[in-house]
Number of protein chains: 2
Amino acid sequence: MSDQKINHDTRERILDVAERLFMARGYEGTSMRMITAGAEVNLAAVNYHFGSKEALLREVFRRRLGWLNRERLQVLDALEAEAAGVPLKPSQILEAFFGTLLRIGEDSSLGGMTFLRLLGRTLTEPAEFIRTFFASEYAEVIERYKQALFRALPDVPKAEIVWRLHFMLGAMSYAIAGTDVLRVVTGCELGDLAGEGAADGVDDPALARRLAQRLMPFLLGGLRAPLPSGLESQPSSLTSSSEGDAQDQTSNHLQEKQS
Amino acid sequence: MSDQKINHDTRERILDVAERLFMARGYEGTSMRMITAGAEVNLAAVNYHFGSKEALLREVFRRRLGWLNRERLQVLDALEAEAAGVPLKPSQILEAFFGTLLRIGEDSSLGGMTFLRLLGRTLTEPAEFIRTFFASEYAEVIERYKQALFRALPDVPKAEIVWRLHFMLGAMSYAIAGTDVLRVVTGCELGDLAGEGAADGVDDPALARRLAQRLMPFLLGGLRAPLPSGLESQPSSLTSSSEGDAQDQTSNHLQEKQS
DNA sequence: CTAACATTCAAACGAACGTTTGAACGAGAC
DNA sequence: GTCTCGTTCAAACGTTCGTTTGAATGTTAG
């Protein structure tokens, strides 16, 4: 078992190029010939090293998601250990979840903005095997953070928390991936958008920091918004089961006390 | 110019099937043979009636976006006329923008949930011509609502408003399109999620209503969240130009007074 | 009837797709 | 030297892609 990294040069070069191309053109929009040409390797190299195009995509993500999942669980563990039984504040949980993610964008050895944008965009890829893969990769972490949010907001219906977690994931995913729609929104008249276009453009690692700074307050505001009013007066079987608890509040159970 | 709807049967059937398939499998993942087989027309029919696959996709959207753009402008016009110079409340603007959109999901003649999900998913399609098309289709409406938000929140930096508009678009797009990630989030332990799975599943028009009810408070909460703290102390040239105004606030300029 | 027209059809086009093959290469062990 | 083994290579595999063609069809007008 000396060192098995005899020829990881080709492998890594393929992974790097695939990561960039999948980000820019999507899975179906990227051909093996684009990848191998970009990596300056033979066409057969992908199938030799990874087996198939699908397996290549999985490996592109596995290379990065290991760190992300580990770090997210670790940060949450540390927070909960430090709290010693006291429920965490929602802001702490969001910071752990989204802050850890956005740190990827600042560190090119973790994938940088390229992988961050790939991650955001791939969550909406329609291909079946991609969604299956992500479901299995994310399941444990999502579950842990969901439970943490349940404990942090005991008076909020769990279904509401799940919805809002979903909304937050969407805002983040979209914010990361959608440089184009952002340009549509901004470009109409406001081309300067606080540093956009400065430095290295969309690959600027500082962009991740700025993004986090903007995104976190938005997410927290959304998570702690007042509950929808007509929630309990829904006509049909809105509450199918196990939802009879704590559904009759109207406003500020969501305020976390400012420390 | 008698009536030019001699044979819109084939056209409409193709558009319906294409809409559904583009939603389920994406643009690149949908072949002309799937479309024509599903619509039970000849393979050449698409090229005969629409010219190309790209033109077909554009027509799929044009068929629906006309109403949406018209309605959105009209609702905003009505609101501003009624207000007679007084700035609108953010909640009114969001209701006009997102409420109009979500109404599509309740009305199958406007496209229903199928088109709504297609719309959400297509915003993140990587193909160049799709983004170009959307940019031109959305530009006017986005600009109008952006300006309305600027007037509604005069003390908030414009760049911040643009960012948050972007976040809101993302949360909505994702919430609509992402039934799968939602299932990952929910399916872990909470399979009942307040009516999910009831009635006709994801195509249930009532889902749009429930979604709107959940989404609007979240978006409002995010839009009116406190501004990020370290905004003005950014090291590099964060404010490149025309951003010297009203950037030094910290908290509650965003509260709209409750009426 | 015929002529003109819009539409449908089966068949084929060339290009691009992911994958496989079998020979060639090159370093290390014996 | 030879043999081995991991890797690279050019070439081809069979399939599917979007598009085009030209004849067949049905409808309408003169």
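Below, chains carry the letters A, B, ... as their sequence lines are ordered, and counting in each starts from 1. Worth saying up front: this structure is predicted, and the values here are computed from it rather than measured.
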Tell me: CE of A:M32 to P of C:dT19, nearest whole Å? 6 Å
Stepwise, does the ring-ring contact (aromatic ring centres under 6.0 Å, His included) test hold for A:Y138 with A:Y145? CA-CA 11 Å; A:Y138 268 145; A:Y145 275 83; over 10 Å; no
To the nearest Å, give me how far apart CG (B:N42) and C1' (D:dT21) are. 12 Å
Which part of the nucleic acid, if any, lies within contact of A:T36, taking any heavy atom under 4.0 Å across all strands shown: a base, the sugar-phosphate backbone alone, or nothing? nothing
Does a nitrogen or oxygen in the side chain of B:S31 sit under 4.0 Å from OP1 or OP2 of D:dC17? yes
Side-chain N,O (B:H49) to OP1/OP2 (C:dT8) below 4.0 Å: yes
Using whole Å, report how far OH of B:Y27 lies from C1' of D:dC17. 11 Å
Below 4.0 angstrom from OP1 or OP2 of D:dT7, is there any side-chain N or O of A:T10? no
Ring centre gap for A:Y174 and B:Y174 strictly below 6.0 Å: no
Go nucleotide by nucleotide along DNA chain D from the 5' end; which of A:Y48 and A:L43 gets its closest nucleotide reached first? A:Y48
CD1 of B:I14 versus C1' of C:dT7: gap in Å, rounded? 11 Å
To the nearest Å, how far apart are B:N47 CG and C:dA10 P? 16 Å
Rounding to an integer number of Å, can you tell me how far A:D9 CG sits from D:dG6 P? 19 Å
Taking atom CZ as the centre, does A:R63 end up with more than 12 heavy-atom neighbours from other residues, nucleotides or ligands that are less than 6.0 angstrom away? yes
Find the distance A:E28:CD to D:dT16:P and express it as a whole number of Å. 14 Å
Just wondering, are more than 12 heavy atoms of other shown residues or ligands nearer than 6.0 Å to CD in A:E40? no
From the list C:dG18, C:dA11, D:dT8, which nucleotide is the closest neighbour of the side chain of A:R33? C:dG18
Contact class for A:A44 vs. all strands (heavy atom < 4.0 Å): base, sugar-phosphate, or nothing? base
